[in-house]
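Here the structure is laid out as structure tokens; the discussion comes afterwards.
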Amino acid sequence: MKKDHYLLLTPGPLTTTATVKEVMLKDWCTWDDEYKQIVQQIRKQLLEVAEASEEKYTAILMQGSGSFGVESVLGSVIPQSGKLLILQNGAYGKRIEEICHVLRIPYQSVIFAANEQISAETVEQHLLADPSITHVAMVHCETTTGILNPLEAVVNTIKKHHRIAIVDAMSSFGGIPIATEQLNIDFLISSANKCIQGVPGFSFIIAKQTEIEKCKGQARSLSLDLYDQWQAMQEDPGKWRFTSPTHIVRAFAQALLELEQEGGVAARYERYKNNQQILVDSMSDAGFTAYLPRALQSPIITTFIYPTHISFTFLGFYNFLKNKGFVIYPGKLSDVEVFRIGNIGDIHANDIIELCVAVAQYKGQE
Ligand SMILES: *Cc1c(COP(=O)(O)O)cnc(C)c1O
């Protein structure tokens, strides 16, 4: 345990390494070549993480948190005549709907239960029934519960029916291998402060070039115009359209280096999976039941049901653990009382073991 400060067991911002934090101590000039090369290197490395070639794909960085990236894609890539099918099984799918509502993008939602994966068969029925649907959006790992949706099956269905596939891979990208090009995903969104283990401040979009090329003049926002952002970064390579978050960009470059040093996405995936398994096993020993069955569970974040064997309040439990150096996350379900524990970030097996020792010491409210 890091004694001077708590560990963040939340799905972002998350615990970053000291080396990622240290590189933020320098200031950078946004139009200087050295800085722009850092940006270009990041864009190149992101394509590698996405398993996408530079011939067919491009990486676009966008200021703001992850939702800004989602909003920039939705607002820029769906034409006035388009219609989005939104596949939902949690709060982040719902947020896509909220964005469409505000931006007045025509949409239709398909809502699955929070403990049920998105079904490719259901998606196919909707695509067959409504030819006016042009785009489909889904969340890969729904961070609301930690459920992992069947990316390959759903994207295959979307592409079989020749629609544009938009994937919110915010909480999975860099932590779970995603073969973007092989799957033929059109737009994939993630952000700096999740599995790449950077600090919060920008999002990024892996876009198929033939699709982003069609988006000129389509945006419903100036600042979040994905096409213009891309054009600016292409024409003056590595230059952001408006002020770029320089310290965060520098930290992200370090985080990408550390991802590579760890052994890439495959190695990070193994570490997260191992963290998650230790967590569920030890929490179960301490009397806590996971909300999802193992088969649906992602290695990113785990939802636990409030225990009944002790007198439990989230705030009491939270403060108890915070005093021991661990910060956990409240739940986000309307029908079941739950809390969440994330295991992404610079979190290792020992941290999870120590957390579970602390959990086992918790005896509830007096
Ligand atoms: C974190 C997250 C987002 C973005 O949330 P922000 O708070 O805007 O960074 C979107 N989708 C998913 C699945 C997420 O986990």
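Numbering of ligands and ligand atoms starts at 1, following listing order.
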**Asked** Of all the heavy atoms in K194, does at least one lie under 4.0 Å from an atom in ligand 1?
**Response** yes
**Prompt:** With backbone taken as N, CA, C and O and side chain as the heavy atoms from C-beta onward, which portion of S203 lies under 4.0 Å from ligand 1: side chain, backbone, both, or neither?
**Reply:** neither
**Prompt:** Take atom NE2 in H101; do more than 12 heavy atoms of anything else shown fall under 6.0 Å from it?
**Reply:** no
**Request:** Go through ligand 1 atom by atom and flag the ones less than 4.0 Å from a non-hydrogen atom of C141.
**Result:** 13 (C)
**Item:** Contact atoms of ligand 1, heavy-atom distance to S171 under 4.0 Å
**Value:** 15 (O)
**Item:** Pi-cation contact, Y92 with K194 (under 6.0 Å, within 45°)
**Value:** yes
**Asked** Where does the angle between the aromatic ring planes of Y227 and W230 fall among parallel (under 30°), tilted (30 to 60°) and perpendicular (over 60°)?
**Response** perpendicular
**Asked** So which protein heavy atom does atom 15 (O) of ligand 1 come closest to, and at what separation?
**Response** T143 OG1, 2.5 Å
**Message:** Nearest 0.5 angstrom please: M138 CE to I166 CD1, how far?
**Reply:** 12.0 Å
**Fill in**
shortest atom 11 (N) of ligand 1-to-protein heavy-atom contact is with D168 OD2, 2.7 Å
**Asked** When you measure from atom 6 (P) of ligand 1 to every protein heavy atom, which one gives the shortest distance, and what is it?
**Response** S65 OG, 3.5 Å
**Asked** Taking F320 as the fixed residue, which of F312, F314, F326, Y362 is the one that meets the ring pair (Phe, Tyr, Trp, His ring centres under 6.0 Å) rule?
**Response** Y362
**Asked** Can a non-hydrogen atom of G64 be found less than 4.0 Å from any atom of ligand 1?
**Response** no
**Asked** Is the shortest distance from a heavy atom of E142 to ligand 1 less than 4.0 Å?
**Response** no
**Request:** Could you walk me through whether I178 and I185 pass the side chain to side chain contact (heavy atoms under 4.5 Å, CB included) test, one step at a time?
**Result:** CA-CA 10 Å; I178 301 176; I185 293 169; 4.1 Å; yes
**Asked** Quick one: which ligand 1 atoms are inside 4.0 Å of a heavy atom on V139?
**Response** 13 (C)
**Request:** Enumerate the atoms of ligand 1 whose separation from the nearest heavy atom of G66 is less than 4.0 angstrom.
**Result:** 4 (C), 6 (P), 8 (O), 9 (O)
**Asked** In terms of side-chain heavy atoms, does Q234 have a donor or acceptor partner in R43 at a distance below 3.5 Å?
**Response** yes
**Message:** Quick test of your reading of the model: are D228 and K216 salt-bridged, counting only N-O distances below 4.0 Å?
**Reply:** no
**Request:** List every atom of ligand 1 that sits less than 4.0 Å from any heavy atom of S67, numbering the atoms from 1 in the order shown and giving each element.
**Result:** 4 (C), 5 (O), 6 (P), 8 (O)
